[in-house]
Amino acid sequence: MKILNRLFCRCKLWIAVRWLGHRRVPTVHRRWLRAKDNGFRAWIRSEFHGFRWRTLVIRQAELIPWRDLLNRPAGGEAYCGGVLFKDPERQPTLHHFRGKRVIDTPLLAVQAAAVNPLVVDGRLFWCGPLAFHFGHQIADFGSRVLLASLDPREGELLWYPWRVAQRFDDLLPWQHFLLSYLNPGRKRHCIATAPMRIRELVVVPQQARMHAAPTLAHLEAMSWCERVLTPQADGLVYVSRSKFAPCRSAETLIGAFAGEALLEQFLQERGVTVIHPEMLNLKQQLEIYLGAEALIVAEGSAQHGLELLGFHRRKPLVVICRRPQEDGMDLPLRSRFPSVRFVEALQEQWKAVDGVAWNGLSVLDWSAVVNAMNPLMALPLSIRECAALQQASEDQLQKLSATVCLERVPDT
């Protein structure tokens, strides 16, 4: 009887989630999301011999900890470990995608089987990596857990950590909140650090991929997750990168656009709320984003926090890009904020010699940036202030070049 009651409660929760999603997401947008999802599913069938993008139940599943993760710039692998494959060409759900690109290194059970694995005689739901990188954890590795939490079947949510604490109690505060926020079904989290053989492993397909729109079901469920938030801001909010990446020395050259400090000053003089996400906990960040009437965001990992919100048709959003945008990079935010505008105004980008482009300092065309921001402000920025921003950018680049050996990133 107790099991039936839990099953009934979880079914009621799923119905409530879908009802809220139907209320929040208009018909036209729902059709758009379904078309994106159907296109990907058709591509999966064509690439994987007719096998479908669907939830798998694997009996006697074998898993190993990560051998490598997020280490491509250092010459490593982007996703190597986790659930072992029987046949990579016929198990698309186990693969890890960005857009329509497989980025994992499949390991076969016969090749990577562990000696004396931990045997689990129960049901677990595969969630994937727990990573140290905020943006990748949300946008890249965090989309299986939500629908797994809402699945009416009993079971625990299984994670393998990578360079983070190995027990739930030792996770960072933002990770604690994230795992609670994405678990409305209140299943128990299981963090494993050893090879395992599991009697029954449920694998929900990725519901959100970098360079792609989320599934409709995932977006509906995100709208439900929002209910734990209390809106904390109003008016226009600017989400800055200047404290995290001031780019004034070799140590702080970790990706930004020049002149941001002066932009903050001009915005604050107009009553705009300027926040530095690294100074706030994740719940505070989301409550500010939820309460803001409009948002301007400096491109960076912090923008992925917006992917933890549901659908917001009327909230204006401007993203100031510091680097060229690849196809599909707008889709995760456009799915939630249909009026989002990505301002690509890159004039030139400089990086440390032998460094990587995304850690460089970018010089923007401030006239294009100001033209995108001004419609959101009661008191627009002037031509004189636009020129001051351009001069501040050049001054910052000149001071940086006096202490760091720089080279220009080629135009793409």
Side-chain angles (χ1 to χ4, degrees), residues 33 35-48 51-54 56 66-83 85 88-89 91-107 126-147 159-160 162-163 178 182 203-219 222 255 299-308 319 321-336 340 342 344 356-359 412:
L33 288 169
K36 293 287 186 185
D37 190 33
N38 290 339
F40 180 68
R41 289 171 181 270
W43 179 82
I44 287 287
R45 289 195 298 273
S46 68
E47 294 292 316
F48 289 90
F51 285 82
R52 296 179 180 274
W53 187 246
R54 59 183 179 85
L56 294 180
W66 304 110
R67 294 189 173 179
D68 205 356
L69 192 76
L70 292 177
N71 268 353
R72 278 190 174 164
E77 303 293 344
Y79 191 102
C80 183
V83 186
F85 286 75
E89 294 186 357
Q91 294 176 297
T93 301
L94 291 185
H95 282 290
H96 192 79
F97 293 84
R98 291 177 186 160
K100 289 184 177 179
R101 184 165 58 95
V102 177
I103 63 106
D104 58 16
T105 302
L107 298 176
W126 174 238
C127 294
L130 275 178
F132 60 93
H133 191 289
F134 175 84
H136 278 284
Q137 185 62 55
I138 293 173
D140 209 6
F141 301 141
S143 71
R144 297 182 193 263
V145 59
L146 183 49
L147 294 195
W159 303 88
Y160 268 135
W162 172 256
R163 293 184 180 176
L178 182 66
L182 295 176
V203 184
V204 176
Q206 276 178 272
Q207 299 299 301
R209 294 165 282 120
M210 297 181 74
H211 300 192
T215 65
L216 176 58
H218 185 74
L219 186 58
M222 278 297 183
E299 180 205 343
S301 291
Q303 78 185 59
H304 295 299
L306 292 166
E307 295 175 36
L308 296 175
V319 179
C321 303
R322 72 177 196 270
R323 53 190 170 178
Q325 300 294 288
E326 299 175 7
D327 288 345
M329 289 180 72
D330 64 314
L331 291 175
L333 290 184
R334 194 170 302 283
S335 302
R336 295 159 171 84
V340 63
F342 285 77
E344 297 187 63
V356 291
W358 60 80
N359 279 350
T412 57

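One is the number of the first residue; the rest follow in order along the sequence. Given the structure is predicted, the values throughout are model-derived calculations rather than measurements.
Side-chain atoms of Arg336 come within 3.5 Å of backbone N or O of Glu307 as a donor-acceptor pair. Side chain of Gln325 to main chain of Phe342: no donor-acceptor pair is present (N/O by atom type, distance under 3.5 Å, no hydrogens or angles). Judged purely by atom type and a 3.5 angstrom limit, Gln303 uses its side chain to pair as donor or acceptor with the backbone of Gly300.
Here the side chains of Leu178 and Leu308 are in contact, with some heavy-atom distance below 4.5 Å. Using a 4.5 Å heavy-atom cutoff, the side chains of His211 and Met329 are in contact. Proximity of Trp162 to Asn71: side-chain heavy atoms (C-beta onward) are separated by under 4.5 Å at one or more points. In this structure, His136 and Phe141 have side chains that are in contact, with non-hydrogen atoms separated by less than 4.5 Å. Counting only heavy atoms from C-beta outward, the side chains of Leu216 and Asp37 never approach each other to under 4.5 Å.
Annotation: Phe97 is in aromatic contact with Trp53 [ring centroid separation under 6.0 Å].
The pair Glu299-Arg323 counts as a salt bridge, with a side-chain nitrogen and a carboxylate oxygen less than 4.0 angstrom apart.
Few gaps surround CG on Asn38; more than 12 heavy atoms of other groups in view lie less than 6.0 Å from it.
For the residue pair Leu70 and Ala131, the shortest heavy atom distance occurs at CD1-CB, 4.3 Å.
Among residues two or more places apart in sequence or in another chain, the side-chain contact (heavy atoms from CB on, under 4.5 Å) test is passed with Val356 by Trp358, Asn359. Looking at residues two or more places apart in sequence or on another chain, you find a side-chain contact (heavy atoms from CB on, under 4.5 Å) between Gln207 and Ser143, Leu147, Val204, Pro205, Thr215, His218. Remark: Arg52 pairs with Arg45, Arg54 by the side-chain contact (heavy atoms from CB on, under 4.5 Å) rule, at least two apart or across chains.
Taking the six-membered ring for Trp and thresholds of 30 and 60 degrees, Phe40 and Trp43 have nearly parallel ring planes, at less than 30 degrees apart. Using the six-membered ring where Trp is involved, His95 and Phe85 have ring planes that are tilted, between 30° and 60° apart.
Just one residue in the list Trp159, Trp66, Tyr160 forms a side-chain contact (heavy atoms from CB on, under 4.5 Å) with Pro129, and that residue is Trp66.
Under the 3.5 Å distance criterion, with hydrogens and angles disregarded, no donor-acceptor pair is assigned to the side chains of His304 and Asp140.
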